[in-house]
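Here's the structure, in structure tokens; my notes come after.
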Amino acid sequence: KERRIAAADEHTSDMGAKAAEIALERAEVLPEEVDLIIVATLTPNMLFPSTACLVQQKIGAAKAAAFDLEAACSGFIYALEIGQQFIMTRTYDTVLVIGAEKLSSIIDWQDRNTCVLFGDGAGAAVLQNRENTHGLLTVCMGADGSKAGLLSMPGGGSQIPASVESVNNRLHYLRMDGKETFKNAVNAMCMAAREALTRCDLEISQIKCIIPHQANQRIISAVGDRLKAREDQVFVNVDKYGNTSAASVAIALDEAVQTGRVERGDLILMVVFGAGLTWGAAIIEW
């Protein structure tokens with residue numbers, strides 16, 4: 001029903017910085033306290049430098065290390081696990097994780113099979129080492145590079161550098177085999193979710209809120225049905241934002257918290273799928 005499209009002069013780093021500032025304010029963390037910034041995105045401002053470095057400058061997190069992570073729509077879950085590892089090893093105490101995308105910049109508006117699906121946006125979370133809290137209980141991740149061709153943007157990298165020919169052939173736009181992507185998404189998301197539940201010795205009935213990647217309603221419904229989840233457990237906002245890739249579950253998590261769907265102590269299951277192919281699931285005690 002709705003989606004958001006960034007302005008021509010608004011880029012992935014701008015949206016990521018805005019989300020980061022809100023997250024830091026709510027966490028009562030100053031920018032100068034941030035040790036590391038991880039930006040999950042498949043639409044960086046440019047190939048280099050990283051969008052994370054641009055965000056660092058915009059928010060004034062001068063002492064933070066910064067890098068990008070590219071796992072497509074699975075990026076935010078991948079970034080959460082990487083951020084947690086830095087905290088668990090006590091390398092860093094405060095990690096800022098951002099999922100941000102300007103998908104409108106790589107959508108082929110002549111391809112009605114894909115252009116209607118995607119939107120722009122960003123979400124962010126602050127991870128910290130705190131005593132007597134649980135937070136991120138487990139993360140399961142996976143990938144299958146043999147199916148990389150199902151969802152990709154062929155042009156712009158070292159394989160097909162930008163040229164007049166690559167532009168004329170529309171190789172700098174997102175391409176997707178929707179039918180095969182749907183089938184693989186449902187299977188992989190269910191597999192990852194079940195593995196995460198098993199690791200934590202949990203049943204699906206114990207999860208307060210399930211936050212799936214907001215790709216489309218059919219995938220969300222199929223995953224919910226296969227996991228035998230109640231309809232009221234599954235959080236959906238794809239109707240408002242479309243598919244925002246790495247930002248998807250970050251935006252949904254924020255909305256779930258802000259609207260009271262999740263309260264302190266509740267268990268959350270986040271499950272994602274993206275190009276690569278990549279997938280993952282995370283269980284969080286809020």
Are W109 and S104 close enough that some pair of their side-chain heavy atoms sits under 4.5 Å apart?
yes
Side-chain contact, heavy-atom cut-off 4.5 Å: V249 with V271?
no
Measure from the side-chain N and O atoms of D266 to the backbone N and O of K208, and report whether any donor-acceptor pair falls under 3.5 Å.
no
Given side chains that start at C-beta, do those of M141 and V139 come closer than 4.5 Å, heavy atoms only?
yes
side-chain contact (heavy atoms from CB on, under 4.5 Å) involving L30 - partner list, sequence neighbours excluded:
E32, E33
Test log, rule salt bridge (charged side-chain N to carboxylate O under 4.0 Å, His left out), inputs R170 and D108:
CA-CA 8 Å; R170 310 187 73 77; D108 185 349; 2.8 Å; yes
Got a sec: does the CZ of R218 have more than 12 other heavy atoms crowding it under 6.0 Å?
no
Can any side-chain N or O of N129 pair as donor or acceptor with the backbone N or O of D93 at less than 3.5 Å?
no
Decide, yes or no, whether a salt bridge links D239 with R3 under the criterion of side-chain N to carboxylate O below 4.0 Å.
no
Please report the closest heavy-atom contact between L96 and A20, naming both atoms and the distance.
CD2-CB, 3.6 Å
Between the main-chain N or O of E255 and the side-chain N or O of T259, is there a donor-acceptor pair closer than 3.5 Å?
yes
About how many Å separate OG1 of T43 and NZ of K102, when rounded to the nearest 0.5 Å?
9.0 Å
Please confirm whether the backbone N or O of A71 pairs with a side-chain atom of T278, one donor and one acceptor, at under 3.5 Å?
yes
Would I98 and I38 count as a side chain to side chain contact (heavy atoms under 4.5 Å, CB included) if you check the C-alpha gap in whole Å, the side-chain angles of each, and the deciding distance to 0.1 Å?
CA-CA 6 Å; I98 303 168; I38 306 173; over 6 Å; no
With D177, which residues qualify under side chain to side chain donor-acceptor pair (under 3.5 Å), at least two apart?
none
So, for A66 and L36, which heavy atoms are closest and what is the spacing to 0.1 Å?
N-CD1, 4.2 Å
Testing the basics here: between F273 and H213, what is the closest heavy-atom pair and its distance to 0.1 Å?
O-CD2, 3.4 Å
Between D120 and T244, is any pair of side-chain heavy atoms under 4.5 Å apart?
no
Please report the closest heavy-atom contact between G123 and A247, naming both atoms and the distance.
N-CB, 4.2 Å
For A252 versus N237, what's the shortest heavy-atom pair and its separation?
CA-ND2, 3.6 Å
Calculate, to the nearest 0.5 Å, the distance between atoms OG and NE2 belonging to S163 and H172 respectively.
6.0 Å
Min side-chain heavy-atom separation L197-I207 under 4.5 Å:
yes
Can you tell me if CD on E25 sees more than 12 non-hydrogen neighbours from other groups inside 6.0 Å?
no
Got S13 and T51 here, is their nearest side-chain heavy-atom distance under 4.5 Å?
yes
Scanning both residues in full, the closest heavy-atom pair of P31 with G60 reads CB-O, 3.7 Å
Start with the C-alpha gap between S248 and Q214, add the side-chain angles, then the distance that decides, and say whether side chain to side chain donor-acceptor pair (under 3.5 Å) holds.
CA-CA 6 Å; S248 166; Q214 305 291 308; 5.3 Å; no
Intermediate values then yes/no, side chain to side chain donor-acceptor pair (under 3.5 Å), Q84 and E81:
CA-CA 5 Å; Q84 176 181 237; E81 175 62 2; 3.0 Å; yes
Between K183 and E180, is a salt bridge (charged side-chain N to carboxylate O under 4.0 Å, His left out) present by the stated rule, with each step listed?
CA-CA 5 Å; K183 181 174 67 176; E180 285 299 310; 3.4 Å; yes
With the side chain counted from C-beta on, respond yes when V39 and V97 share a heavy-atom pair under 4.5 Å apart, and no when they do not.
no
Between E10 and R4, does any NZ, NE, NH1 or NH2 come within less than 4.0 Å of an OD or OE carboxylate oxygen?
no
Donor-acceptor contact present, side-chain N168 to main-chain E165, <3.5 Å:
no
Does L253 belong to the same Ile/Leu/Val/Met/Phe/Trp/Tyr cluster as I77, with side-chain heavy atoms less than 4.5 Å apart forming each link?
yes
Taking D144 for the side chain and L277 for the main chain, is one N or O donor matched with an acceptor at less than 3.5 Å?
no
From I268 atom CD1 to Q233 atom CD, the distance as rounded to the nearest 0.5 Å
12.5 Å
Whether E263 and R261 form a salt bridge (side-chain N of Lys/Arg under 4.0 Å from carboxylate O of Asp/Glu) is what I want to check.
no
Counting N and O atoms only, with roles assigned by atom type, does the side chain of S166 sit under 3.5 Å from a partner on the main chain of L171, one being a donor and the other an acceptor?
no
So OG of S245 and CZ of F118: to nearest 0.5 Å the spacing works out to 8.0 Å
Just by distance, do the side chain of D35 and the backbone of A64 share a donor-acceptor pair under 3.5 Å?
no
Treating S50 as the side-chain partner and F67 as the backbone partner, does any N or O pair qualify as donor plus acceptor under 3.5 Å?
no
Check: I219 main-chain N/O paired with N216 side-chain donor or acceptor under 3.5 Å:
yes
If I take atom CG from residue L54 and atom CD1 from residue I59, how far apart are they, to the nearest 0.5 angstrom?
11.5 Å
Roughly how far, to the nearest 0.5 Å, is CG of N243 from CG of L103?
7.0 Å
